[in-house]
Amino acid sequence: MIVTRFAPSPTGYLHVGGARTALFNWLYARRAGGKFILRIEDTDLKRNTPTAMQQVIDDLRWLGIDWDEGPEVGGPNGPYLQSQRRDIYDRYIRQLLDEGKAYYCFETTEELGALREEAAGGKQGFAYQRPEVFATHDEAEQARAEGRPVTVRLKVQQEEVTVVNDVVRGEVCFGPGEVGDFIILKSDGFPTYHFAVVVDDELMGVTHVIRGQEHLMNTPAHQALQKALGFRIPVYAHMSVTVSETGGKLSKRERPKALRTAIGASEEIDVQQLAAAGGIDIEMFNAFVMGKLTPDMPAIDAMAEYLGVHLPEINVVDFFRSGYLPETMVNFLALLGWNPGDDREVMTREEVVAAFDISRMAKSNSLFDRKKLLSFNTEHIRIIGHEKLSVHLRRYLEVVGSPVAAADDEMLMRLVRINEGARTLADIDAKCRFLFVANNAVGYDPKAVQKILLKADGLAVLKEVRERLAALETLTPESIETVLRSLAEEKQIGLGKVAQPLRVAICGTTVSPPIFDSVELLGLDNTLDRIDIALKRFAE
RNA sequence: GCCCCCAUCGUCUAGCGGCCUAGGACGCCGGGUUCUCAUCCCGGUAACAGGGGUUCGAGUCCCCUUGGGGGUACCA
């Protein structure tokens, strides 16, 4: 049976790069009828954020990536948090020590840093000098008792060439001495990543490791460990990296960076207010602007919202908040470094699962193209079906706190129907908000008012529109259309000349769903009321 | 510095020695539909990084150069 896993370290929100790794593993397992495991790699206390695991879990669930074993679902190979597996690691560490395949070390971080510095000028990279005689368990205990750092290193064969057999890259060779004796147990008693992955992948029966290219260089070390422990070597597939428009790999730092740039570019901003909007004090704000530190995500988001700037989406939640569908993300992410071998691009989740195979993974890095993503989203909004779309929309509206969330199910379906062609859920939200504000609270866009109502005879037309609508007996999109069209015809003007003043009067902007539906949904009383308000307000 | 990986339109890619006059998609440009925005429809622009080989024949195989990316931790 094929077993894959996704093993994130809980450092914060799941970002697209991680999501793509998770997706590839999930797709492969699902396609092959195998098993997909979620494992949390929390062996670094310093990096762990308390809420991060939940965030990662939520993001995966949103994407529709489910796991057969892991947190919240359990399984026969648990626990699935590495921090809870220390006794297991200790056993294997002890085994290696007893067999003379690993040894204790006592250097401090500073000492190691100095050695590395020294080696920096040399031709070969830094390699740890293996001691002549090895410390005993007792000596290690003693050192620990004295408060000295104790680590364990693996003895790595220095003579042989290591060959990594990679599904996407073929055979990759590493010369003798490329891998030094590396640390497998840290002085805080936790295993290093290298040790924990190897042990867990073996114990959990992982057959295929699909991971980022950044791990290719780690693989010889992992294989050395597998050999020392007598483990099997799983199939490796190292994925190409996703790079961002700005070059380099897609990183979480891009959002704060974009915000910093925006702050720098905008003139006349009230820094006090901006800092307050982000919930940070002015010193912190200044430090941020100068690039000295980075506030947390919510602060960044809040300031961006205050400034009205759009930050590049990096985390999975960013895409959710921008109104993308999980179907879009799955489809798009899958196509970054993989393709089905034919001309299909927009595919449903089921189609992607059915077509996926690691043998068609691309070698070269790819750029994350947000324009194409948008077009994919437009297409998925179109093909997903109204029922599913309204479920997504409801959740979206609730989470972003839109007034449109007040719509009942019937209304929501209606909104979905009249918004065909929307590019994101955010588009639908924005276009429909006018329906959920009080008549006297419509925000009029000055430009729209100027251009549509005040220019030409916008107000005069609006007055006539009012009269015609008021005389209407039954209010349906069709009846409204008839009225507006006949008015336009009589006046020998385009429908736009009639519709636009009405639109601005009821929405405050030049953009809304189709005008006939908009009026009908708003209701006759509200429509007339808003026209009156506009007429009065912009009369002179 | 050292090690590793990669290289087709602006972008994602198809291509696994002759089917390539290099195909698709996004973008972009032009046109059309339309009550706004968006959608939708039609048309166009645009690429094998450079240089050597191998071969009857190279986008496809090999080497070098250049360019890009990754790694070089008691992070994962």
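Convention: sequence-line order gives letters A, B, ...; per-chain numbering from 1. Note that the structure is a prediction, hence the values are computed from the model and not measured.
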Distance only, no hydrogens: is a donor on one side chain within 3.5 Å (strictly under) of an acceptor on the other, for [X] and [Y]?
X         : Y         : result
His238(A) : Arg169(A) : no
Gln142(A) : His137(A) : no
Thr242(A) : Arg20(A)  : yes
Arg503(A) : Ser512(A) : yes
Asp42(A)  : Ser83(A)  : yes
Asn377(A) : Thr424(A) : no

For [X], report the nucleic acid contact type (base, sugar-phosphate, nothing); a contact means any heavy atom under 4.0 Å.
X         : value
Glu481(A) : nothing
Gly337(A) : sugar-phosphate
His238(A) : nothing
Cys507(A) : nothing
Asp342(A) : nothing
Phe516(A) : base
Ser187(A) : base
Leu112(A) : base
Arg370(A) : nothing

Rounding to an integer number of Å, can you tell me how far [X] [atom1] sits from [N] [atom2]?
X         : N      : atom1 : atom2 : answer
Ile418(A) : U39(B) : CD1   : P     : 17 Å
Phe6(A)   : A76(B) : CZ    : C1'   : 11 Å
Asp343(A) : G15(B) : CG    : P     : 10 Å
Leu374(A) : C28(B) : CG    : P     : 11 Å
Lys252(A) : A76(B) : NZ    : P     : 15 Å
Leu373(A) : A25(B) : CG    : P     : 18 Å
Lys363(A) : U8(B)  : NZ    : C1'   : 14 Å
Leu216(A) : U72(B) : CG    : C1'   : 13 Å

Within the 6.0 Å centroid threshold, strictly below: [X] and [Y]:
X         : Y         : answer
His222(A) : Phe195(A) : no
Tyr324(A) : Phe332(A) : no
Phe24(A)  : Phe356(A) : yes

Can you identify which nucleotide, out of [options], has its nearest atom closest to the [X] side chain?
X         : options                : result
His194(A) : A76(B), U39(B), G69(B) : A76(B)
Ser366(A) : A76(B), A14(B), U13(B) : U13(B)
Gln213(A) : U11(B), A76(B), C5(B)  : C5(B)
Leu367(A) : G70(B), U11(B), C40(B) : U11(B)
Arg485(A) : C26(B), C5(B), C35(B)  : C35(B)

Sort out for me which residue in Ile40(A), Leu14(A), Ile210(A) forms a side-chain contact (heavy atoms from CB on, under 4.5 Å) with Phe6(A). Leu14(A)
Does NZ or CZ of Arg153(A) come closer than 6.0 Å to the centre of the six-membered ring of Tyr103(A), within 45° of the ring's axis? no
Which base, if any, makes a Watson-Crick or G-U wobble pair with C20(B), both distances under 3.5 Å? none
Pairing partner of U60(B), by Watson-Crick or G-U wobble and under 3.5 Å for both distances, is none
Under 4.0 Å: is that the gap between some side-chain N or O of [X] and OP1 or OP2 of [N]?
X         : N      : value
Lys372(A) : G10(B) : no
Asn339(A) : A14(B) : yes
Ser364(A) : G68(B) : no
Thr43(A)  : A76(B) : yes
Lys371(A) : G10(B) : no

Using atom [atom1] of each nucleotide, how far apart are [N] and [M] to the nearest Å?
N      : M      : atom1 : value
C64(B) : C26(B) : P     : 40 Å
G23(B) : U8(B)  : C1'   : 11 Å
G53(B) : A58(B) : P     : 12 Å
C37(B) : U21(B) : C1'   : 41 Å
G10(B) : G70(B) : C1'   : 24 Å
A7(B)  : U11(B) : C1'   : 15 Å
U54(B) : C62(B) : C1'   : 7 Å
G24(B) : A47(B) : C1'   : 14 Å

Contact letters for nucleotides 42-49 of chain B, in which S counts primed atoms plus P, OP1 and OP2 and B counts the base, heavy atoms under 4.0 Å: --------
Please say whether more than 12 non-hydrogen atoms of neighbouring residues, nucleotides or ligands are located less than 6.0 Å from CZ in Arg360(A). yes
In short, Leu23(A) meets Val330(A) closest at the heavy-atom pair CD2-O, 3.3 Å
Heavy-atom nearest nucleotide on RNA chain B taken for Val172(A) and for Ser375(A); more 5' hit belongs to Val172(A)
Quick check: any donor-acceptor pair below 3.5 Å linking the side-chain of Arg47(A) to the base of C75(B)? yes
Would you state whether a donor and an acceptor, one from the side chain of Glu345(A) and one from the base of G24(B), lie under 3.5 Å apart? yes
Short N/O separations, protein against nucleotides 36-38 of chain B, under 3.5 angstrom:
unit_1 : atom_1 : unit_2    : atom_2 : d
U36(B) : O4'    : Gln500(A) : OE1    : 3.1
U36(B) : O4'    : Gln500(A) : NE2    : 3.4
U36(B) : O2'    : Thr510(A) : O      : 2.8
U36(B) : N1     : Arg503(A) : NH2    : 3.3
U36(B) : O2     : Thr510(A) : O      : 3.3
U36(B) : O2     : Ser512(A) : N      : 3.0
U36(B) : O2     : Ser512(A) : O      : 3.2
U36(B) : N3     : Arg503(A) : NH1    : 3.4
U36(B) : N3     : Ser512(A) : O      : 2.7
U36(B) : O4     : Pro514(A) : N      : 3.4
C37(B) : O2     : Lys431(A) : NZ     : 2.3
C37(B) : N3     : Lys431(A) : NZ     : 3.3
A38(B) : O2'    : Gly421(A) : O      : 2.4

